[in-house]
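Reckoned from all heavy atoms, side chains included, excluding hydrogens, waters and symmetry mates. This is a predicted model, so every value here is computed, not measured.
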Amino acid sequence: MKIEDHWNDGFIYCVQFLTAEQIERKITKFIVLPKKYTSKEIEQMVGTKFQNVKKTLFIDELGDGLLLKELERYNGTING
């Protein structure tokens, strides 16, 4: 069995953004995405997929990562 049978190549990104809440918060998250996205597209994703984003402060590419091909079928458990 090859890695490619179960995993897709991706990149690991560190993103930081400010929230638009009463008390502004700075949030940092690590995300893994397919290699096909540009920085602008990732910034748009952060703005729409996280709640109350006021401004994206930075997006750093940390290195290679792997995305599980059939993540949906696992329902949060290792045994499926």
Side-chain angles (χ1 to χ4, degrees):
M1 189 177 314
K2 298 179 185 176
I3 290 177
E4 296 84 10
D5 291 342
H6 297 283
W7 300 91
N8 285 324
D9 289 331
F11 282 120
I12 302 168
Y13 296 94
C14 179
V15 298
Q16 188 174 83
F17 56 91
L18 292 175
T19 63
E21 300 169 341
Q22 285 181 336
I23 298 173
E24 189 174 77
R25 295 187 310 150
K26 190 184 297 184
I27 297 176
T28 305
K29 295 291 182 183
F30 295 91
I31 58 175
V32 181
L33 296 171
K35 293 183 176 187
K36 64 182 179 179
Y37 295 109
T38 65
S39 292
K40 190 66 175 171
E41 290 171 321
I42 295 169
E43 184 175 350
Q44 289 174 339
M45 276 188 247
V46 168
T48 58
K49 302 298 182 190
F50 291 98
Q51 292 184 3
N52 299 322
V53 175
K54 179 178 180 180
K55 179 181 180 180
T56 300
L57 300 175
F58 67 79
I59 300 169
D60 284 341
E61 184 180 305
L62 300 179
D64 292 329
L66 294 172
L67 292 162
L68 188 60
K69 286 183 178 181
E70 298 183 35
L71 186 59
E72 296 83 24
R73 83 176 179 100
Y74 288 97
N75 288 332
T77 65
I78 294 174
N79 296 327

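Among residues at least two apart or in separate chains, ring-ring contact (aromatic ring centres under 6.0 Å, His included) pairs with a member in residues 12-57 are F17-F50. Evaluation of the salt bridge (Lys or Arg N to Asp or Glu O under 4.0 Å) test over residues 40-62, restricted to residues two or more places apart or in two chains, returns E24-K54. Within the structure, salt bridge (Lys or Arg N to Asp or Glu O under 4.0 Å) pairs that include any residue of residues 4-22 comprise E21-R25 (at least two apart or interchain).
The cluster map of Ile, Leu, Val, Met, Phe, Trp and Tyr, joined by side-chain heavy atoms under 4.5 Å apart, puts W7 and L62 in different clusters. By the rule that hydrophobic residues join a cluster once side-chain heavy atoms approach within less than 4.5 Å of another member, I59 and V53 end up as members of one cluster. Linking ILVMFWY residues whenever their side-chain heavy atoms come closer than 4.5 Å, directly or via other members, leaves I42 and I12 in distinct clusters.
V15 has its side chain out of reach of M45: every pair of non-hydrogen atoms, C-beta onward, lies at least 4.5 Å apart. Side-chain contact between P34 and L67 is present, with at least one heavy-atom pair separated by less than 4.5 Å. Using a 4.5 Å cut-off on side-chain heavy atoms (C-beta onward), T19 and Q51 make no contact.
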Report the C-alpha distance between D64 and F11 in whole Å, list the side-chain angles of each, state the deciding distance to 0.1 Å, and finish with yes or no for side chain to side chain contact (heavy atoms under 4.5 Å, CB included).
-> CA-CA 5 Å; D64 292 329; F11 282 120; 3.4 Å; yes
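Connectivity analysis of hydrophobic side chains (ILVMFWY, heavy atoms under 4.5 Å, direct or indirect) links L57 to L18, F58.
With sequence neighbours excluded, no residue satisfies side chain to side chain contact (heavy atoms under 4.5 Å, CB included) with I23. Contacts of Q16 classified as side-chain hydrogen bond (donor to acceptor under 3.5 Å, both in side chains), with partners at least two apart in sequence or in another chain: T28.
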